[in-house]
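Encoded as structure tokens, the structure appears first; notes follow it.
FYI, side chains are in, hydrogens and waters are out, and symmetry mates aren't considered; it's all heavy atoms of this structure. All values reported here derive from a predicted model rather than from experimental measurement.
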Amino acid sequence: MELAFTGSVIEWRGPAPYYFVRVPDEESADIRDVAAMATYGWGVIPVEARVGEIAFETSLFPKDGGYLLPLKNAVRGPQGLGTGDEVTVKMTVRL
């Protein structure tokens, strides 16, 4: 399943800061349709994603009925991305 969307970078402040892009409701609904085939536990969904020129593998985190795409420092740093920046994500759910 391939998806593309635009969203804002958000920061979660825990013991260490983490950065995410919220997957929009429509795309989250599509992912929920295949979640049982894709998850490897705890509701996380493995994906291959691209932000700008950087491709990476990660897992979506379930949150409030939707999903959050984690943005690693290796993705954010080279592109100068921070909280509130708009990014376009191309993503493939690995089934």
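If you chain together hydrophobic residues whose side chains sit under 4.5 Å apart, I10 and L71 never meet in one group. Residues V21 and W12 are members of separate hydrophobic clusters, defined by side-chain heavy-atom contacts under 4.5 angstrom among Ile, Leu, Val, Met, Phe, Trp and Tyr. Hydrophobic clustering (side-chain heavy atoms under 4.5 Å, transitive across Ile, Leu, Val, Met, Phe, Trp, Tyr) keeps L68 apart from V75. Cluster membership check: V44 does not share its hydrophobic cluster with I31, using side-chain heavy-atom separations under 4.5 Å among Ile, Leu, Val, Met, Phe, Trp and Tyr.
In this structure, the separation between OH on Y19 and CZ on R76 is 5.0 Å, given to the nearest 0.5 Å. From L3, atom CG reaches atom CE of M91 across 5.0 Å, with rounding to the nearest 0.5 Å. In this structure, the separation between CG on L95 and CD1 on I45 is 9.0 Å, given to the nearest 0.5 Å. To the nearest 0.5 Å, the span separating CG on L60 from OG1 on T58 amounts to 7.5 Å.
Side-chain atoms of S28 come within 3.5 Å of backbone N or O of V23 as a donor-acceptor pair. The backbone N or O of R22 lies less than 3.5 Å from no partner atom in the side chain of K63, so there is not a single donor-acceptor pair. Under a 3.5 Å cut-off, the side chain of Q79 and the backbone N or O of V51 do form a donor-acceptor pair. No donor-acceptor pair closer than 3.5 Å links the side chain of T92 to the backbone N or O of E2. Counting only distance, with no hydrogens or angles, the side chain of R50 and the backbone of T88 share no donor-acceptor pair below 3.5 Å.
Of all the heavy atoms in A38 and P46, the pair that sits closest is O-CD, 3.1 Å. Here the closest non-hydrogen pair linking S8 and G84 is OG-O, 4.2 Å. Smallest separation of non-hydrogen atoms from P70 and F56: O-CE1, 3.7 Å.
By the neighbour-count criterion of 12 heavy atoms within 6.0 Å, atom CG of D33 is densely surrounded, having more than that number from other residues, nucleotides or ligands.
Between R94 and the choices M37, M1, E48, the side-chain contact (heavy atoms from CB on, under 4.5 Å) rule is met once, by E48. In summary, of the residues considered (Y18, W42, Y67, F20), a ring-ring contact (aromatic ring centres under 6.0 Å, His included) with F61 occurs for F20 alone.
Taking the side chain as every heavy atom from C-beta outward, P78 and I54 approach each other to under 4.5 Å.
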